[in-house]
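Contents: one structure, followed by commentary.
The basis for the numbers below is simple: all heavy atoms, side chains too, and nothing from hydrogens, waters or symmetry mates. For the single chain, residues carry numbers from 1 onward in sequence order. Keep in mind that what you see is a predicted model, and the values were worked out from it rather than measured.
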Amino acid sequence: MPDASTPHVVAITGGHVVPVSSAPIDGGTVVVTDGRITAVGADVAVPSGAHVIDATGRWVLPGFVEAHGHVGIHEESQGWAGDDTNEMTTPNTAGVRAVDAVNIEDEGFRDALAGGITSVVVKPGSGNPIGGQSVAMKTWGGRTVDEQVISASVSVKSALGENPKRVYGDRKQLPSTRLGTAFVIRDAFGRARHYAAGRAAAVAEGKPFAPDLHLEALVRVLDGELVWDQHTHRHDDIATALRLADEFGYRLVVNHGTEAHKIADVLAERDVPVIFGPLFTSRSKVELRDRAIANLATLAAAGVRVAITTDHPVVPIHFLVHQATLAVRDGLPRQTALEALTTNPASFFDLDGRIGALEPGRDGDVVVWSGDPLDIDSRAEHVLIEGRTVYTWDADERRGRVVERAERFAS
């Protein structure tokens, strides 16, 4: 039996290492010790006793980050029973949390590994003006979802435009218009400000104070602790998102941004990031009539920080990298495309101390690719999360193999 005090060390050697946050290294080595990266470079000595993964002729990158998905809460092949994306019973459900609905056995997580995705920000849906809290988590490895969580709450999801207008308009209740949706959000934040003041006064006076979980979440947004994830497609709705952010001073991240290119200079001036996509969709509603993959390149050229989303299961999660490939074909710089899959989404949600790049101190989430991942013929051959192998490609059998629960937690 191995000594529990002995460090678990993995060395990925001989590959074309692409840290993303720094220049590529030919013939490089990445060392992961007890789940964290401890060395990256060309002249790194392999520690004695390390498990060695030979990446000669391969590309080595950080695990990709899906910045906006519903994997685990909108389960595949489960119909209504597995769909917990939207709590569409009242317009403001800021207090609900995606982490409470994630099924880590959803097939989408296995697909994520095949696509080199090791982290995902799982978000509530966009049926409500205020939909709930997102969870940042690893895509594999825990006995429960809690063991995969990076941060249980990183943002509050909000929606402008067609979705809430349709959902509540069909019920003939507020909000049935765009102006009604903006009112719901504005009113909720006004209440949150008063709530925070009342709570502070009660604490100062030593008096009891009844909590409101919806308003507690919005206060965390006002305090800058949580990002405001704004579902919005049309440029006029994006302008409303900017107006509301100015009124209340919160950290805004635009999600989808179909027409964000029309005001790219405004977003760049304000340093408002855009999680763009999904890219592989038809013009299925009015808001999407100006959709184009090339719009992402326009945004990036204006200086907007961008990430890419599949909005899984809208687009299967393992197609994330292929969306980046087509964005490059349509003008997005290659380096920007890699940043959109790694460093950028990590920084949008204050996760860049742990994920998004191959740097000492970050989690040992490493993917060995057969070649350049932006080449459509390349595939993820070896996926590690926190230094543990979770997926390998079996070339002989022509299929991927996930390290399943029975193997991970065998006594």
Side-chain angles (χ1 to χ4, degrees), residues 68 86-101 121-137 146 149-161 163-164 168 173-175 178-232 237-255 270-273 275 347-353:
H68 173 124
N86 283 292
E87 180 58 47
M88 293 183 295
T89 50
T90 185
N92 176 11
T93 55
V96 305
R97 307 186 311 161
V99 69
D100 295 322
V121 181
V122 179
K123 301 178 182 179
S126 53
N128 288 343
I130 305 175
Q133 298 166 54
S134 309
V135 56
M137 58 181 292
D146 304 272
V149 166
I150 304 170
S151 178
S153 295
V154 293
S155 71
V156 171
K157 176 74 176 297
S158 171
L160 295 170
N163 286 16
Y168 290 94
Q173 71 176 82
L174 181 74
R178 280 180 163 81
L179 53 95
T181 300
F183 169 81
V184 168
I185 296 169
R186 184 174 284 115
D187 181 65
F189 274 115
R191 293 175 184 274
R193 279 178 170 170
H194 287 292
Y195 176 85
R199 185 182 64 184
V203 171
E205 297 172 13
K207 295 181 178 179
F209 187 79
D212 182 311
L213 295 183
H214 297 317
L215 295 180
E216 288 280 350
L218 295 182
V219 171
R220 294 176 69 190
V221 174
L222 292 174
D223 288 345
E225 183 182 345
L226 300 179
V227 168
W228 189 249
D229 258 326
Q230 188 68 73
H231 163 110
T232 177
D237 290 326
I238 297 172
T240 297
L242 294 171
R243 187 178 315 114
L244 289 165
D246 285 345
E247 287 181 37
F248 295 101
Y250 48 69
R251 292 189 294 155
L252 172 66
V253 174
V254 169
N255 288 242
R270 296 171 180 240
D271 192 26
V272 174
I275 299 171
S347 68
F348 295 172
F349 298 103
D350 297 329
L351 304 173
D352 42 358

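- Scanning all heavy atoms of the two residues, the minimum distance from Phe209 to Gly198 falls at CE1-C, 3.5 Å.
- Checked by atom type and distance alone, the side chain of Ser155 never pairs as donor or acceptor with a backbone atom of Gln133 at under 3.5 Å.
- The two residues Pro175 and Gly180 come nearest to each other via the heavy atoms CB-C, 3.3 Å.
- Atom NE2 of His214 and atom OG1 of Thr90 lie 6.5 Å apart (nearest 0.5 Å).
- With hydrogens and angles disregarded, no donor-acceptor distance shorter than 3.5 Å links the side chain of Lys157 to the backbone of Gly131.
- Listed for the Tyr168 side chain is no donor-acceptor partner under 3.5 Å among the backbone atoms of Gly127.
- Contacts of Asp352 classified as salt bridge (charged side-chain N to carboxylate O under 4.0 Å, His left out), with partners at least two apart in sequence or in another chain: none.
- Put simply, the side chain of Val219 reaches to within 4.5 Å of the side chain of Arg199, judged on heavy atoms.
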task: Output, in order, the C-alpha distance, side-chain angles, deciding distance and verdict of side-chain contact (heavy atoms from CB on, under 4.5 Å) for Val272 and Gln230.
output: CA-CA 11 Å; Val272 174; Gln230 188 68 73; over 6 Å; no
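- Applying the 6.0 Å contact sphere to CZ of Arg178 captures more than 12 heavy atoms from other residues, nucleotides or ligands.
- No donor-acceptor pair under 3.5 Å is formed between the side chain of Asn92 and the backbone N or O of Ile185.
- Here the CG atom belonging to Asn128 is positioned 8.0 Å from the CD atom belonging to Glu87, to the nearest 0.5 angstrom.
- Within the 4.5 Å cutoff, the side chain of Arg251 has heavy atoms near those of the Asp350 side chain.
- In this structure, Phe248 and Trp228 have side chains that are not in contact, with every pair of non-hydrogen atoms separated by 4.5 Å or more.
- Put simply, CG on Leu244 and CG on Leu160 are 7.0 Å apart, with the number rounded to the nearest 0.5 Å.
- For Ala136, the side-chain contact (heavy atoms from CB on, under 4.5 Å) criterion is met by Val121, Ile150, Val154, Leu351, not counting sequence neighbours.
- Ser126 contributes atom OG, which lies 9.0 Å from atom CE of Met88 (distance to the nearest 0.5 angstrom).
- Looking at Leu222, Leu218, Asp212 one by one, the single match for side chain to side chain contact (heavy atoms under 4.5 Å, CB included) with Tyr195 turns out to be Asp212.
- Checking His68 against Asn255 by side-chain atom types alone, a donor-acceptor pair falls below 3.5 Å.
- Put simply, the residue from Ile130, Val227, Asp229 that forms a side chain to side chain contact (heavy atoms under 4.5 Å, CB included) with Val156 is Ile130.
- The residue from Val184, Asp187, Leu174 that alone fulfils the side chain to side chain contact (heavy atoms under 4.5 Å, CB included) condition with Pro129 is Val184.
- Between Tyr250 and Leu226 there is no side-chain heavy-atom pair separated by less than 4.5 Å.
- A side-chain donor from one of Arg243 and Thr240 sits under 3.5 Å from a side-chain acceptor of the other.
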- request: Decide side-chain contact (heavy atoms from CB on, under 4.5 Å) for Val135 and Arg97; before the verdict, give the C-alpha distance in whole Å, the side-chain angles of both, and the deciding distance to 0.1 Å.
  value: CA-CA 8 Å; Val135 56; Arg97 307 186 311 161; over 6 Å; no
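- Rounded to the nearest 0.5 Å, atoms CE (Met137) and CG (Asp146) are 9.5 Å apart.
- By the side chain to side chain donor-acceptor pair (under 3.5 Å) test, Asn86 pairs with no residue at all, sequence neighbours left out.
- From Phe349, atom CZ reaches atom OG of Ser134 across 6.5 Å, with rounding to the nearest 0.5 Å.
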